Enquirer: 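Input: one structure, supplied below.
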Amino acid sequence: MRGGSIMTGVREASALARALLDFALPPRCPGCGSITPGDYQFCTTCWLALEFLGPPGCIRCNMPMPFEGMICAPCMDSPPRHDGVHAAVAYGEISRRVTLRLKYGRRISDARTMAVLMARHMAVTPETLVIPVPLHYWRIWQRGYNQSALIAGYLVRLQGGTLLPDGLKRVRRTRSLSGLGKKQRAKEVRGAFRVPEVHRSRIRGAHILLVDDVFTSGATVNACARVLKAKGAKRVEVICWARVVHHD
Ligand SMILES: [Zn+2]
Ligand SMILES: [Zn+2]
């Protein structure tokens with residue numbers, strides 16, 4: 001994998017160059033690309049269209065609920081492996097566009113804007129291990145970076161905690177989960193993640209904050225939480241930019 005890691009290094013360098021270029025250009029809204037007065041800001045239209053999330057929420061997964069102390073139907077159906085999900089905004093038109101621009105549009109500085117809005121949901125101690133949901137190395141090679149790792153880096157800079165960028169490894173390529181049912185999603189990601197040998201002693205007894213861009217069904221983070229807990233992690237919370245919220 002030596003060649004692979006050199007190539008990844010080259011791509012990371014070009015991603016960094018691109019990030020520097022972002023800073024040299026006038027700041028743009030992560031939602032629509034219009035020029036904004038300051039860095040890391042949304043334009044007024046996009047800002048007003050974002051649906052910010054907060055309590056009350058499901059006591060297991062923080063899904064917005066009408067009252068405190070309730071459990072949402074999916075958690076009642078099958079309790080999650082993680083210990084709660086903290087999301088900045090609901091998944092919708094604007095939050096989706098922000099995610100796609102970061103992922104495919106190489107708008108790397110948008111990761112910081114997302115992190116700023118996520119940070120207020122983040123309660124960590126210096127010992128909390130902040131781990132991004134990993135991409136398969138092939139995906140990283142294609143894209144040049146892992147968007148969740150970029151966000152995780154900014155979160156730690158803003159709020160503290162200990163960044164462990166390779167605390168989890170994706171050992172198997174997985175299909176896109178969109179369009180799959182709940183059972184199929186869980187099956188698709190089972191066995192896809194592993195805790196590298198070198199980090200096993202740190203994971204034991206640790207409080208972990210898992211970082212992802214979008215929370216949909218929870219299949220991916222559940223698979224991650226499962227392997228982390230199998231290695232002795234005490235608590236695995238999830239923080240993400242956007243989550244799918246069912247208004248019914
Ligand atoms: Zn905008
Ligand atoms: Zn729930």
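The shown structure was predicted, so the numbers you read here are calculated from the model rather than taken from an experiment. Counting starts at 1 for both ligands and their atoms, following the listed order.
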Enquirer: Considering residues, nucleotides and ligands other than R200, do more than 12 of their heavy atoms fall under 6.0 Å from its CZ?
Expert: yes
Enquirer: Have a look at the Zn ion (ligand 2) and estimate, to 10 degrees, the angle subtended by SG (C72) and SG (C61).
Expert: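 Angle SG(C72)-the Zn ion (ligand 2)-SG(C61): 110°, rounded to 10°.
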Enquirer: Quick one: does NZ or CZ of R112 land under 6.0 Å from the six-membered ring centre of Y40, within 45 degrees of the ring axis?
Expert: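 Output yes; distance and angle both within limits.
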Enquirer: Rounded to 10°, how big is the angle at the Zn ion (ligand 1) from C46 SG to C29 SG?
Expert: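 My answer is 110°, to the nearest 10°.
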Enquirer: Would a 4.5 Å heavy-atom cut-off, applied to side chains only, mark V130 and Q159 as touching?
Expert: no
Enquirer: Do R185 side-chain atoms and L177 backbone N/O form a donor-acceptor pair below 3.5 Å?
Expert: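 Looks like yes, one N/O pair under 3.5 Å.
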Enquirer: In degrees, rounded to 10 degrees, what angle do C75 atom SG and C58 atom SG make at the Zn ion (ligand 2)?
Expert: 110°
